[in-house]
Enquirer: 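Okay, handing you the structure first.
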Amino acid sequence: MDVIPLISTIVGAAIGIGSTLLADRTRWARDRRERVELAQQQLRADFIAAVARGADIVWNVAHQDQPPTEDGNRSAREAFRQADLYTWRYRIALSSPPEIVAASESLLDALRHYRNTVAAGERRSSAQYSEAKSSYFAAVAEAINILRGSQGPLPFSIRQSERRAGVKAPNSAGH
(Lines give C-alpha, C1' and ligand atoms only; values in the text may rest on other atoms or scores of the structure.)
Protein backbone atom coordinates (compact mmCIF):
# COMPACT_ATOMS: atom_id res chain seq x y z
CA MET A 1 0.00 0.00 0.00
CA ASP A 2 1.21 3.46 -0.90
CA VAL A 3 1.42 5.67 2.20
CA ILE A 4 2.08 9.04 0.55
CA PRO A 5 -1.52 9.68 -0.64
CA LEU A 6 -2.79 8.81 2.84
CA ILE A 7 -0.32 11.18 4.52
CA SER A 8 -1.08 14.00 2.08
CA THR A 9 -4.82 13.52 2.68
CA ILE A 10 -4.31 13.70 6.45
CA VAL A 11 -2.06 16.76 6.15
CA GLY A 12 -4.58 18.44 3.82
CA ALA A 13 -7.43 17.70 6.21
CA ALA A 14 -5.40 19.04 9.15
CA ILE A 15 -4.61 22.24 7.23
CA GLY A 16 -8.27 22.65 6.23
CA ILE A 17 -9.57 22.07 9.75
CA GLY A 18 -6.88 24.30 11.25
CA SER A 19 -7.57 27.18 8.88
CA THR A 20 -11.32 26.89 9.49
CA LEU A 21 -10.78 26.93 13.26
CA LEU A 22 -8.42 29.90 12.97
CA ALA A 23 -10.92 31.81 10.80
CA ASP A 24 -13.75 31.03 13.26
CA ARG A 25 -11.61 32.13 16.22
CA THR A 26 -10.68 35.37 14.46
CA ARG A 27 -14.32 36.07 13.58
CA TRP A 28 -15.41 35.30 17.15
CA ALA A 29 -12.78 37.67 18.59
CA ARG A 30 -13.78 40.45 16.17
CA ASP A 31 -17.47 39.99 16.96
CA ARG A 32 -16.71 40.07 20.68
CA ARG A 33 -14.70 43.31 20.34
CA GLU A 34 -17.57 44.85 18.37
CA ARG A 35 -20.11 43.82 21.04
CA VAL A 36 -17.94 45.26 23.81
CA GLU A 37 -17.45 48.51 21.87
CA LEU A 38 -21.18 48.76 21.18
CA ALA A 39 -21.95 48.19 24.86
CA GLN A 40 -19.42 50.91 25.81
CA GLN A 41 -20.96 53.34 23.32
CA GLN A 42 -24.43 52.63 24.70
CA LEU A 43 -23.19 53.08 28.28
CA ARG A 44 -21.63 56.44 27.41
CA ALA A 45 -24.72 57.60 25.52
CA ASP A 46 -26.96 56.60 28.43
CA PHE A 47 -24.63 58.40 30.86
CA ILE A 48 -24.75 61.62 28.79
CA ALA A 49 -28.55 61.31 28.59
CA ALA A 50 -28.75 60.98 32.40
CA VAL A 51 -26.50 64.03 32.81
CA ALA A 52 -28.76 65.95 30.43
CA ARG A 53 -31.82 64.93 32.49
CA GLY A 54 -30.13 66.20 35.64
CA ALA A 55 -29.14 69.47 33.97
CA ASP A 56 -32.68 69.89 32.65
CA ILE A 57 -34.05 69.58 36.18
CA VAL A 58 -31.61 72.26 37.35
CA TRP A 59 -32.43 74.48 34.36
CA ASN A 60 -36.17 74.20 35.04
CA VAL A 61 -35.71 75.19 38.67
CA ALA A 62 -33.56 78.19 37.72
CA HIS A 63 -36.03 79.38 35.10
CA GLN A 64 -39.36 78.62 36.77
CA ASP A 65 -38.61 79.33 40.42
CA GLN A 66 -38.51 83.15 40.49
CA PRO A 67 -37.80 84.23 43.22
CA PRO A 68 -36.06 81.20 44.71
CA THR A 69 -38.09 79.01 47.03
CA GLU A 70 -36.98 76.28 49.39
CA ASP A 71 -38.87 73.74 47.27
CA GLY A 72 -37.01 74.90 44.18
CA ASN A 73 -33.68 74.78 45.96
CA ARG A 74 -34.46 71.24 47.20
CA SER A 75 -35.48 70.19 43.67
CA ALA A 76 -32.14 71.43 42.35
CA ARG A 77 -30.26 69.51 45.05
CA GLU A 78 -32.20 66.34 44.20
CA ALA A 79 -31.39 66.52 40.48
CA PHE A 80 -28.58 63.96 40.81
CA ARG A 81 -30.87 61.48 42.54
CA GLN A 82 -33.73 62.00 40.11
CA ALA A 83 -31.45 61.47 37.11
CA ASP A 84 -29.77 58.50 38.86
CA LEU A 85 -26.36 60.07 38.22
CA TYR A 86 -24.49 58.30 40.99
CA THR A 87 -25.51 54.92 39.57
CA TRP A 88 -24.28 56.00 36.12
CA ARG A 89 -21.08 57.30 37.66
CA TYR A 90 -20.28 53.88 39.10
CA ARG A 91 -21.20 52.08 35.89
CA ILE A 92 -18.73 54.26 33.99
CA ALA A 93 -16.07 53.80 36.69
CA LEU A 94 -16.40 50.01 36.66
CA SER A 95 -16.21 49.44 32.93
CA SER A 96 -14.36 52.31 31.27
CA PRO A 97 -10.74 53.26 30.77
CA PRO A 98 -9.22 55.97 33.02
CA GLU A 99 -9.56 58.82 30.49
CA ILE A 100 -13.30 58.13 30.15
CA VAL A 101 -13.73 57.99 33.93
CA ALA A 102 -11.83 61.29 34.31
CA ALA A 103 -13.98 62.97 31.63
CA SER A 104 -17.18 61.75 33.26
CA GLU A 105 -16.01 62.95 36.68
CA SER A 106 -15.19 66.40 35.27
CA LEU A 107 -18.63 66.57 33.70
CA LEU A 108 -20.33 65.55 36.94
CA ASP A 109 -18.26 68.15 38.84
CA ALA A 110 -19.44 70.86 36.43
CA LEU A 111 -23.06 69.72 36.76
CA ARG A 112 -22.67 69.56 40.55
CA HIS A 113 -21.39 73.17 40.55
CA TYR A 114 -24.33 74.22 38.35
CA ARG A 115 -26.75 72.38 40.64
CA ASN A 116 -25.21 73.83 43.82
CA THR A 117 -25.37 77.34 42.37
CA VAL A 118 -29.10 76.98 41.72
CA ALA A 119 -29.67 75.19 45.05
CA ALA A 120 -28.01 78.15 46.79
CA GLY A 121 -30.72 80.39 45.34
CA GLU A 122 -29.03 81.79 42.25
CA ARG A 123 -31.36 82.09 39.29
CA ARG A 124 -31.11 82.85 35.59
CA SER A 125 -30.54 86.58 36.03
CA SER A 126 -27.45 86.26 38.23
CA ALA A 127 -23.83 86.30 37.09
CA GLN A 128 -23.07 83.23 39.25
CA TYR A 129 -25.80 81.29 37.47
CA SER A 130 -24.53 82.32 34.03
CA GLU A 131 -20.96 81.31 34.93
CA ALA A 132 -22.05 77.93 36.32
CA LYS A 133 -24.24 77.20 33.30
CA SER A 134 -21.49 78.20 30.86
CA SER A 135 -18.97 76.03 32.71
CA TYR A 136 -21.39 73.12 32.55
CA PHE A 137 -21.89 73.45 28.78
CA ALA A 138 -18.13 73.71 28.22
CA ALA A 139 -17.67 70.53 30.28
CA VAL A 140 -20.40 68.79 28.24
CA ALA A 141 -18.63 69.60 24.98
CA GLU A 142 -15.26 68.44 26.31
CA ALA A 143 -16.64 65.25 27.87
CA ILE A 144 -18.60 64.25 24.78
CA ASN A 145 -15.53 64.59 22.59
CA ILE A 146 -13.56 62.37 24.98
CA LEU A 147 -16.42 59.89 25.46
CA ARG A 148 -16.74 59.48 21.70
CA GLY A 149 -13.21 58.09 21.64
CA SER A 150 -12.21 56.70 18.26
CA GLN A 151 -15.34 58.15 16.65
CA GLY A 152 -13.67 61.57 16.79
CA PRO A 153 -15.15 64.89 17.86
CA LEU A 154 -18.76 65.80 17.26
CA PRO A 155 -19.52 67.20 13.82
CA PHE A 156 -21.38 70.09 15.50
CA SER A 157 -20.82 72.21 18.58
CA ILE A 158 -22.60 71.89 21.91
CA ARG A 159 -24.26 75.17 22.67
CA GLN A 160 -26.53 76.52 25.32
CA SER A 161 -30.22 76.30 24.61
CA GLU A 162 -32.00 79.45 23.63
CA ARG A 163 -35.32 78.14 24.93
CA ARG A 164 -37.42 80.16 27.30
CA ALA A 165 -39.11 78.91 30.43
CA GLY A 166 -42.58 77.58 29.75
CA VAL A 167 -42.00 77.31 25.99
CA LYS A 168 -41.68 73.86 24.52
CA ALA A 169 -38.97 73.29 21.96
CA PRO A 170 -40.31 72.57 18.47
CA ASN A 171 -40.35 68.95 17.41
CA SER A 172 -37.02 68.31 15.69
CA ALA A 173 -37.90 64.87 14.36
CA GLY A 174 -36.37 64.32 10.95
CA HIS A 175 -33.90 67.18 11.29
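Position 1 is the first residue of the sequence, and the numbers go up from there. The shown structure was predicted, so the numbers you read here are calculated from the model rather than taken from an experiment.
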Enquirer: Hey, are the side chains of Leu108 and Phe47 touching, using non-hydrogen atoms and a 4.5 Å cut-off?
Expert: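 Of all side-chain heavy-atom pairs linking Phe47 with Leu108, at least one is under 4.5 Å.
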Enquirer: If we ignore hydrogens and angles and just use 3.5 Å, is the side chain of Ser126 paired with the main-chain N or O of Glu122 as donor and acceptor?
Expert: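 Side chain of Ser126 to backbone of Glu122, a donor-acceptor pair under 3.5 Å: no, none is there.
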Enquirer: Would you please test Val140 and Ile48 for side chain to side chain contact (heavy atoms under 4.5 Å, CB included) and show each step?
Expert: CA-CA 8 Å; Val140 167; Ile48 289 294; 5.7 Å; no
Enquirer: What are the two closest heavy atoms between Gly54 and Ala79, and how far apart are they?
Expert: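 The answer is O-CB, 3.7 Å.
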Enquirer: Can a donor-acceptor pair be found, under 3.5 Å and without considering hydrogens, that links the side chain of Arg123 to the backbone of Val118?
Expert: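 Yes: the side chain of Arg123 pairs with the backbone of Val118.
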Enquirer: Hey, quick one: are Leu147 and Val36 part of the same hydrophobic cluster, counting side-chain heavy atoms closer than 4.5 Å, chains of contacts allowed?
Expert: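 No, separate clusters.
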Enquirer: Among all residues two or more places apart in sequence or in another chain, which pass the side chain to side chain contact (heavy atoms under 4.5 Å, CB included) test with Ile7?
Expert: Val3, Val11
Enquirer: Could you name each residue pair satisfying salt bridge (Lys or Arg N to Asp or Glu O under 4.0 Å) that touches residues 96-110, not counting sequence neighbours?
Expert: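 Every salt bridge (Lys or Arg N to Asp or Glu O under 4.0 Å) pair that includes a residue of residues 96-110, provided the two are not neighbours, is Arg89-Glu105, Asp109-Arg112.
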Enquirer: How would you list, by chain and number, every residue that makes a salt bridge (Lys or Arg N to Asp or Glu O under 4.0 Å) with Glu78, sequence neighbours excluded?
Expert: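 Testing Glu78 for salt bridge (Lys or Arg N to Asp or Glu O under 4.0 Å), a comparison that skips the adjacent residues, returns Arg81.
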Enquirer: Looking at Arg32 and Glu37, is there a salt bridge between them, counting it only when a charged N and a carboxylate O are closer than 4.0 Å?
Expert: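 Here Glu37 does not pair with Arg32 in a salt bridge, since their nearest N and O are not under 4.0 Å apart.
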Enquirer: Please list, chain by chain and in numerical order, all residues satisfying side chain to side chain contact (heavy atoms under 4.5 Å, CB included) with Arg30, sequence neighbours excluded.
Expert: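 Scan of Arg30 (side chain to side chain contact (heavy atoms under 4.5 Å, CB included), adjacent residues dropped) gives Arg27, Arg33, Glu34.
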Enquirer: Can you name the nearest heavy-atom pair linking Tyr129 to Arg124, along with the distance?
Expert: CD2-CA, 3.3 Å
Enquirer: Check side chain to side chain donor-acceptor pair (under 3.5 Å) between Arg53 and all other residues, then give those that pass, not counting sequence neighbours.
Expert: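 If we apply the side chain to side chain donor-acceptor pair (under 3.5 Å) test to Arg53, skipping adjacent residues, there are no hits.
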Enquirer: Among all residues two or more places apart in sequence or in another chain, which pass the side chain to side chain contact (heavy atoms under 4.5 Å, CB included) test with Glu142?
Expert: Ile146
Enquirer: Can you see which heavy atom on Asn73 is nearest to which on Pro68, and at what distance?
Expert: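 The pair with the smallest heavy-atom distance is OD1-CB, 4.0 Å.
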Enquirer: Same cluster or not: are Ile57 and Val51 linked, directly or through other Ile, Leu, Val, Met, Phe, Trp or Tyr residues, by side-chain heavy atoms under 4.5 angstrom apart?
Expert: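 Result: no, two separate clusters.
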Enquirer: Is there a donor in the side chain of Glu131 and an acceptor in the side chain of His113, or the other way round, less than 3.5 Å apart?
Expert: yes
Enquirer: With sequence neighbours excluded, tell me which residues meet side chain to side chain donor-acceptor pair (under 3.5 Å) with Asp31.
Expert: none
Enquirer: Hey, can you tell me if Tyr136 and Tyr114 have their rings parallel, tilted or perpendicular (30° and 60° cut-offs)?
Expert: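 Parallel, since the angle between the ring planes stays under 30°.
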Enquirer: Applying side chain to side chain contact (heavy atoms under 4.5 Å, CB included), can you list everything that pairs with Leu43, at least two apart in sequence or on another chain?
Expert: Gln40, Trp88, Arg91, Ile92, Ser95, Ser96
Enquirer: Using the side chain to side chain contact (heavy atoms under 4.5 Å, CB included) rule, take Leu107 and Leu111 through it: C-alpha gap first, then chi angles, then the decisive distance, then the call.
Expert: CA-CA 6 Å; Leu107 178 55; Leu111 179 55; 5.6 Å; no
Enquirer: Cluster partners of Ile17, using ILVMFWY side-chain heavy atoms under 4.5 angstrom, listed by chain and number?
Expert: Leu21
Enquirer: Using the test side chain to side chain donor-acceptor pair (under 3.5 Å), find all partners of Asp84 that sit at least two apart in sequence or belong to another chain.
Expert: Thr87
Enquirer: On a heavy-atom basis, which atom in Ala83 and which in Ala50 lie closest, and how many Å separate them?
Expert: CB-O, 3.3 Å
Enquirer: Can you sort out the partners of Ser75 under side chain to side chain donor-acceptor pair (under 3.5 Å), two or more places apart, ordered by chain and number?
Expert: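 Per chain and number, Ser75 pairs via side chain to side chain donor-acceptor pair (under 3.5 Å) with no residue.
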Enquirer: Not counting sequence neighbours, list each pair that qualifies as a side-chain hydrogen bond (donor to acceptor under 3.5 Å, both in side chains) and has a residue in residues 4-19.
Expert: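 Listed once each, the pairs would be none.
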Enquirer: If only atom types and distance count, is the side chain of Asp56 paired as donor or acceptor with the main-chain N or O of Ala52 below 3.5 Å?
Expert: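 No.
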